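Computed from a prediction, not measured in an experiment: that's the story for all the values here.
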Amino acid sequence: MAVMKGQVLVFALAMAFAGFIGCVVSYDRPPAGNHISTLQPKDLPSTSPQQVHISAVGPDKMRISWITESSAPAVVEYGTSPNNYTNSATGTSSSYSFLLYKSGQINDVVIGPLNPNTVYYYRCSSDSTREFSFKTPPAQLPITFAVVDWTQSTLQHIGQSNYDMLLLPGDLSYADLFQRQWDSFGRLVEPLASQRPWMVTQGNHEVEKIPLVHKTPFTAYNARWRMPFEESGSASNLYYSFDAAGVHVIMLGSYTDFDPDSDQFKWLQADLGKIDRGKTPWIFAIVHAPWYNTNTAHQGEPEADLMKKYMEELLYKARVDIVFAGHVHAYERFTRVYDGKTDNCGPIYITIGDGGNREGLANKYMDPKPEISVFREASFGHAQLEVVNATHAVWMWHRNDDKFSVASDTVWFTSLSSDPACQL
């Protein structure tokens, strides 16, 4: 009964302050789908690890994150053979409160150094009943990224594919203040997120800010999904960068300050200035709100338009190869663009917000289609990007059609660092 009353209170507050929590409604969406609710197994002890997920930290370490319902040691034991743990590491524990909700114990442990392209077996909190495993990314090209928004069917397709690292451009749990949905999401993605590093940025559904009642945004996101921001000189978990094989990946925050006087803008300038294209010939950037978008959904939003105004030139001059975005629940790929026009030295812009969620698809596009938009489709799907070498990568967007993954948009990209016409 107490849980029910708490949910009613949160719902009432959500409705009262809908304009402040990042839930933008700018078009008529198809009928909403159902929430996916993944319950905790009844026979799981309160000290057993759940919601396990991993993320890369530097060139040879991995962060293991998990939650226990009650107090348990923040320790990870690991090795290269099942049930044979030759190493261990201890980390930190924390928790957070949100209105009437109190999280379990959130554990973060960084392990390593680790060998590249190697399978490791591990257990958390010394729990002998649950063994997990993951594979480290390769140190050199080639490397394959899964790039997704998500649904349960999309996760199933990804689970059947072979990839090294997952990139998610925001909107994780769609909790929207209902904190137990974060727990459900953590349990839902654990089978995949415990096996490969998930590198994420925040979306509007992670803001979870209520004026006068809960003033601090991103409370759950920052507590549950800690990314390696310190290693890239960032002061915030909302934006950071990292290297993976021959790729420099920049995760930007659409819902924190990004004007030229902001910490994020200054950090981005410094980060781009440090890139060695001899070491990382490819550069990818990830935002949530797309800077280029011919869907009728989410037009005219400052998180997209102003961020583009302030930061597009920085990415262009750095010769960023691809900019991924989410937010719009559809798929769209643009040609190389700068300042609204085709530019062979500009980034390719791709909206991959089509994993789908309870909000449904955004199925209305501008007509006629602008020339800079190469491919667009309002279908559920996901993508893989295989960076083959320093000069070439292949992009494959898969439509989730009748529960089968269908490759619908396949294209080869050439890195800007290998194009003589784009040398600075």
Side-chain angles (χ1 to χ4, degrees), residues 1-11 13-14 21-23 33-55 63-72 74 76 91-109 123-125 127 129-130 132 149-152 154-155 166 168 170-195 198 200 202-210 214 216-227 237 355 357-359:
M1 182 62 69
V3 172
M4 180 63 69
K5 289 181 179 178
Q7 289 177 339
V8 171
L9 174 61
V10 171
F11 179 77
L13 290 168
I21 62 174
C23 299
N34 295 323
H35 264 294
I36 297 174
S37 183
T38 308
L39 301 177
Q40 178 179 337
K42 292 182 179 180
D43 58 348
L44 193 67
S46 62
T47 56
S48 289
Q50 58 166 296
Q51 306 177 47
V52 181
H53 60 270
I54 68 174
S55 54
R63 172 175 281 109
I64 316 296
S65 301
W66 73 97
I67 291 180
T68 54
E69 291 296 320
S70 61
S71 179
V76 172
T92 61
S93 299
S94 63
S95 63
Y96 74 93
S97 296
F98 193 101
L99 301 182
L100 301 179
Y101 173 88
K102 176 69 182 296
S103 76
Q105 177 179 300
I106 303 170
N107 305 279
D108 284 303
V109 177
R123 67 180 184 183
C124 307
S125 295
D127 188 309
T129 65
R130 303 197 73 198
F132 303 89
D149 202 337
W150 67 273
T151 56
Q152 192 168 21
T154 298
L155 294 175
L166 185 141
L168 201 163
D171 285 354
L172 280 71
S173 71
Y174 291 92
D176 292 329
L177 308 180
F178 298 92
Q179 295 303 294
R180 294 191 184 282
Q181 192 64 25
W182 277 105
D183 295 315
S184 174
F185 172 75
R187 289 188 285 264
L188 174 69
V189 302
E190 181 190 82
L192 297 183
S194 62
Q195 295 186 31
W198 278 38
V200 306
Q202 89 285 171
N204 54 304
H205 291 276
E206 277 74 67
V207 177
E208 297 188 306
K209 178 181 177 181
I210 310 175
H214 190 94
T216 303
F218 306 108
T219 300
Y221 173 79
N222 283 334
R224 294 171 180 268
W225 288 82
R226 184 177 180 86
M227 293 290 111
N237 193 48
N357 72 339
R358 67 177 188 275
E359 294 176 336

> State, to 0.1 Å, how close Ser70 and Thr47 come at their nearest heavy-atom pair, and which atoms those are.
OG-CG2, 3.4 Å

> Decide yes or no for Lys209 and Thr216: does some side-chain heavy atom of the first lie under 4.5 Å from some side-chain heavy atom of the second?
no

> Could you pull out the closest heavy-atom pair between Leu166 and Leu168, with the gap in Å?
CD2-CB, 3.9 Å

> Are side-chain heavy atoms of Thr129 and Ser48 found at a separation under 4.5 Å?
yes

> Consider side chain to side chain contact (heavy atoms under 4.5 Å, CB included). Of Ser125, Ser93, Pro45, which one does Thr68 pass it with?
Ser125

> Quick one, His205 and Ser173 - any side-chain contact, counting heavy atoms below 4.5 Å?
no

> Any side-chain heavy atom of Lys102 within less than 4.5 Å of one from Ser97?
yes

> With Ser194, which residues qualify under side-chain contact (heavy atoms from CB on, under 4.5 Å), at least two apart?
Val52, Tyr122, Phe132, Glu190

> Which heavy atom of Asp183 sits nearest to which heavy atom of Ile67, and what is that distance?
OD1-CD1, 4.3 Å

> What verdict does the side chain to side chain contact (heavy atoms under 4.5 Å, CB included) test give for Phe178 and Tyr101, after you've listed the backbone C-alpha separation in whole Å, the side-chain angles of each residue and the deciding distance to 0.1 Å?
CA-CA 9 Å; Phe178 298 92; Tyr101 173 88; over 6 Å; no

> Checking side chain to side chain contact (heavy atoms under 4.5 Å, CB included) for the pair Val189/Leu172: CA distance, chi angles, key distance, verdict?
CA-CA 10 Å; Val189 302; Leu172 280 71; over 6 Å; no

> Please say which of Arg224, His214, Glu208 ends up in a side-chain hydrogen bond (donor to acceptor under 3.5 Å, both in side chains) with Thr219.
His214

> Is the ring pair His53/Trp225 parallel, tilted or perpendicular, if the boundaries are 30 and 60 degrees?
parallel

> Between Tyr221 and Trp182, is there a side-chain heavy-atom distance shorter than 4.5 Å?
yes

> Step by step, work out the side chain to side chain contact (heavy atoms under 4.5 Å, CB included) result for Val76 and Trp66.
CA-CA 10 Å; Val76 172; Trp66 73 97; 3.5 Å; yes

> Taking salt bridge (Lys or Arg N to Asp or Glu O under 4.0 Å) as the test, write out the residues that go with Arg226, two or more places apart.
Glu230

> Between Ile54 and Arg63, is a side chain to side chain contact (heavy atoms under 4.5 Å, CB included) present by the stated rule, with each step listed?
CA-CA 5 Å; Ile54 68 174; Arg63 172 175 281 109; over 6 Å; no

